[in-house]
Asks: 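Starting off with a structure, shown below.
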Amino acid sequence: MASANREMAVYCFDTLVSHYNDEDSPPPAFDDANHPLFVTWKKIVNGGEPRLRGCIGTLEARRLISGFKDYALTSALRDRRFPPIQPKELPFLQCTVSVLTDYEDAEDYLDWEVGTHGIIIEFTEPVTNIKRNATYLPEVPAHEGWTKIEAIDSLVRKAGYNGEITEAVRRRIQLTRYQSTLFSMHYSEYLSYVKATRGLVPAINGTSKPFS
């Protein structure tokens, strides 16, 4: 079973930098395996709280190497909630890679633990019979300080349901819980890693100096 690690985060940064430079990214330094995965980009400005800039992944198992390459770019450039990340933002970026494991069918919508489990909800709207689904990674409810019901209600909204959230609606939910390992790396740590292991500092084409 694979766990999220530094080399996976490095590979995501490599992929984004190589995209800006229109070149092939260096080969990854981690073993391939099949797992669901997510890539999250956050932006840190003036030492403040990191702000989400993109988070996309897959709940279906994928080869990790191709998966991280695809979702590093998709989450950075094609998350519809945000404008694409620009090269000038690189010095402020933090990348978090998540590898998902231990999928389990829950007994009901409360059969999970905040801070331990990620959750996937699936339900059918009571009037329209439209099927909805959404997920939160394990760290989201804990970071927001939500109770289980607050997290569920937020996730119901995230799934696109705009009606009243009643107990009857909650009981329609089929919940799958999962766990994950994650690793976070700031761009400055990425630069230090590349300099130590490759003897160079990444630069972006068209800039006068590396983003250090």
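Owing to the predicted nature of the structure, the values given are computational and were not obtained by experimental measurement.
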Asks: Less than 3.5 Å apart, any donor N or O on the side chain of Glu189 or Ser192 sitting next to an acceptor on the other?
Replies: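 No - no donor-acceptor pair under 3.5 Å links their side chains.
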Asks: Can you check whether Trp41 and Tyr71 have ring centres sitting under 6.0 Å from each other?
Replies: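 No: the rings miss the under 6.0 Å criterion.
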Asks: Ignoring hydrogens and geometry beyond distance, is a side-chain donor-acceptor pair present between His143 and Glu49 at under 3.5 Å?
Replies: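 Yes, because at least one side-chain N or O of His143 sits under 3.5 Å from a partner of the opposite role on Glu49.
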Asks: Are any of the side-chain heavy atoms of Ile119 and Thr135 separated by less than 4.5 Å?
Replies: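 No, too far: nothing below the 4.5 Å cut-off.
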Asks: For the side chain to side chain donor-acceptor pair (under 3.5 Å) test, which of Arg170, Glu167, Arg171 pairs with Tyr109?
Replies: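 With Tyr109 as partner, Arg170, Glu167, Arg171 yield a single side chain to side chain donor-acceptor pair (under 3.5 Å), made by Glu167.
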Asks: Verify salt bridge (charged side-chain N to carboxylate O under 4.0 Å, His left out) between Asp105 and Arg177, making sure each step is shown before the conclusion.
Replies: CA-CA 6 Å; Asp105 293 329; Arg177 65 191 186 197; over 6 Å; no
Asks: Is the gap between the ring centers of Tyr187 and Tyr190 under 6.0 Å?
Replies: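 Yes, they do, as the ring centres are separated by less than 6.0 Å.
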Asks: According to a 4.5 Å side-chain heavy-atom criterion applied to Ile, Leu, Val, Met, Phe, Trp and Tyr, with indirect links allowed, do Val140 and Val156 form part of one hydrophobic cluster?
Replies: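 Linked, Val140 and Val156 end up in one cluster.
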Asks: If only side-chain N and O atoms count, and only distance matters, is there a donor-acceptor pair under 3.5 Å linking Ser184 with Thr96?
Replies: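 Ser184 and Thr96 do have a side-chain donor-acceptor pair below 3.5 Å.
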Asks: Any side-chain heavy atom of Leu175 sitting closer than 4.5 Å to one from Ile120?
Replies: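 They are not in side-chain contact.
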Asks: Mind checking whether His117 and Gln179 have side chains closer than 4.5 Å, heavy atoms only?
Replies: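 The answer is yes, as the side chains (C-beta and beyond) meet within the 4.5 Å cut-off.
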Asks: With heavy-atom distances below 4.5 Å as the criterion, would you say the side chains of Leu182 and Val97 are in contact?
Replies: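 Result no, sub-4.5 Å side-chain heavy-atom pair not found.
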Asks: So if you build clusters from Ile, Leu, Val, Met, Phe, Trp, Tyr with side-chain heavy-atom gaps below 4.5 Å, do Met185 and Phe68 land together?
Replies: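 Yes.
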Asks: Given Cys95, which partner from the list Val10, Val39, Thr15, Thr40 fulfils the side chain to side chain contact (heavy atoms under 4.5 Å, CB included) test?
Replies: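 Per the side chain to side chain contact (heavy atoms under 4.5 Å, CB included) rule, the option paired with Cys95 is Val39, out of Val10, Val39, Thr15, Thr40.
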Asks: Show your reasoning for whether salt bridge (charged side-chain N to carboxylate O under 4.0 Å, His left out) applies to Glu122 and Arg132.
Replies: CA-CA 6 Å; Glu122 300 175 86; Arg132 303 283 188 183; over 6 Å; no
Asks: Identify the residue among Trp146, Tyr178, Phe38, Trp112 that makes a ring pair (Phe, Tyr, Trp, His ring centres under 6.0 Å) with Tyr136.
Replies: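 With Tyr136 as partner, ring pair (Phe, Tyr, Trp, His ring centres under 6.0 Å) holds for just one option, Trp146.
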